[in-house]
Number of protein chains: 2
Amino acid sequence: MKLTSKGRYAVMALMDLARFNNINPVSLRDISLRQGISLDYLEQIFSKLRKKEIVQSVRGTQGGYVLNRKAKDIKLTNIFDAVDEKVKTVQCKKDSKKGCNGKATKCITHNLWDELENHINNFFEEKSLEDLVKNNFEKRV
Amino acid sequence: MKLTSKGRYAVMALMDLARFNNINPVSLRDISLRQGISLDYLEQIFSKLRKKEIVQSVRGTQGGYVLNRKAKDIKLTNIFDAVDEKVKTVQCKKDSKKGCNGKATKCITHNLWDELENHINNFFEEKSLEDLVKNNFEKRV
DNA sequence: ATAAACCTGACTAAAATAGTCAAGTATCAA
DNA sequence: TTGATACTTGACTATTTTAGTCAGGTTTAT
Ligand code: FES
Ligand code: FES
């Protein structure tokens, strides 16, 4: 089970954005430089974040991105959902009559993986962008 | 974050094995048929389980595999560890001085991913093969 | 006007996944 | 002793996913 760079970068970038959000739009170029993430890749990621209304864009010079809601109303779940970083513990279709190996019933481990999926998603539900920023920069003082 | 088939199959196969373990060695062919998993693939998986002393092999006719310890002493952690199904939330080296983007310090999300990794591993520590078998076949009564 | 910044879609190298395939060796049972 | 069963090992491969890059735009403040 791996967390992908896309998901990791999305959170990294949004934490950076959340920090400077109050004053002006934050440009991807700045985030790219501060966090060491490729600008082109960030553009892909923010395109998705914008479509899911996590951020808003401001075009033109001095433009950039701003959060579209309060930091405490953005959960990790929302971020991961936006960039298609899904937790998938099974391959069998949810509503299919076929189990994971083509049988008619669900396999003997299916419930376990559902439980695992919930366990992981709970973690993501609990954490808001506000929490993350606070915890991170409190510790550095 | 995805769980791979290898990990899923390993648990599936061991649950099957644990159920019939008391009487005779269980052949991979039987597991293959009952669970719908490729025999060749199972062989790869059990080779690893044997090397990590989760199971023991019995060669020859009427041979197969038996558990090498009591089902309650085999945790999900042990199984996943044996088949290299690792939980990896970060790519940065643990002891390296470099953060995930080549910087000298750890990035702003590093602690978060460590926390996530622990959260997931806790789930795996909690569950023994005995629990899994019991829960699964109790529910079916 | 022009530079800063967002926007879009296509493309790709490298890695990981999910197996298959081939050629064994060991053991039991008839 | 001969076959069948079952474990053992290592190499191979098609497909998918990942982690980006690249090439072109468009918008807007100055
Ligand atoms: S049937 Fe859903 S995991 Fe096997
Ligand atoms: S995740 Fe470890 S430094 Fe970024």
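Residue numbers start from 1 in every chain, and the chains themselves are labelled A, B, ... in the order their sequence lines are given, proteins ahead of strands.
Closest to the side chain of A:Thr61, from the set C:dA4, D:dA23, D:dA19, is C:dA4. In this structure, of D:dG25, D:dA6, C:dA26, it is C:dA26 that holds the atom nearest to the side chain of B:Arg59. Listed nucleotides: D:dG20, C:dC7, C:dT27. Nearest to the side chain of A:Ser5: D:dG20.
Distance B:Ile31 CD1 to D:dA6 C1': 12 Å, rounded to the nearest Å. B:Tyr65 has its OH atom 14 Å from the P atom of C:dT27, to the nearest Å. As rounded to whole Å, 14 Å separates atom P of C:dT17 from atom OH of B:Tyr9. Atom CD in B:Glu43 sits roughly 14 Å away from atom C1' in C:dA26 (whole-Å rounding). Look at NZ on B:Lys2: it is 12 Å from C1' on D:dT15, rounded to the nearest Å. The nearest whole Å value for the distance from the CZ atom in B:Arg50 to the P atom in D:dT8 is 4 Å. Atom CD of B:Gln44 is separated from atom P of D:dC7 by 15 Å (rounded to the nearest Å). Summarising the geometry, the separation between OH on B:Tyr41 and P on D:dC12 is reported as 19 Å, rounded to the nearest angstrom.
B:Ser57 has a side-chain polar atom (N or O) that falls below the 4.0 Å cut-off from OP1 or OP2 of D:dT8. Contact annotation: B:Ser27 does not reach the phosphate of D:dC7 (side-chain N/O to OP1 or OP2, under 4.0 Å).
The environment of CD in A:Glu53 is sparse: at most 12 heavy-atom neighbours from other residues, nucleotides or ligands sit within 6.0 Å. Counting heavy atoms of neighbouring residues, nucleotides and ligands inside a 6.0 Å radius, atom NZ of A:Lys72 does not exceed 12 of them. Other residues, nucleotides and ligands place no more than 12 heavy atoms under 6.0 Å from the NZ atom of B:Lys86. More than 12 heavy atoms of other residues, nucleotides or ligands sit less than 6.0 Å from atom CZ of B:Arg69.
Nearer the 5' end of DNA chain C, as judged by each residue's closest nucleotide, is the contact made by A:Gln62, out of B:Lys6 and A:Gln62. Heavy-atom distances to DNA chain D give each of B:Gly63 and A:Leu39 a nearest nucleotide, and the one nearer the 5′ end belongs to B:Gly63.
Residue A:Phe46 is out of contact with every strand shown, counting any heavy-atom pair closer than 4.0 Å.
At a cut-off of 3.5 Å, with distance as the only test, no side-chain donor of B:Ser5 or A:Gln91 sits close to an acceptor on the other residue.
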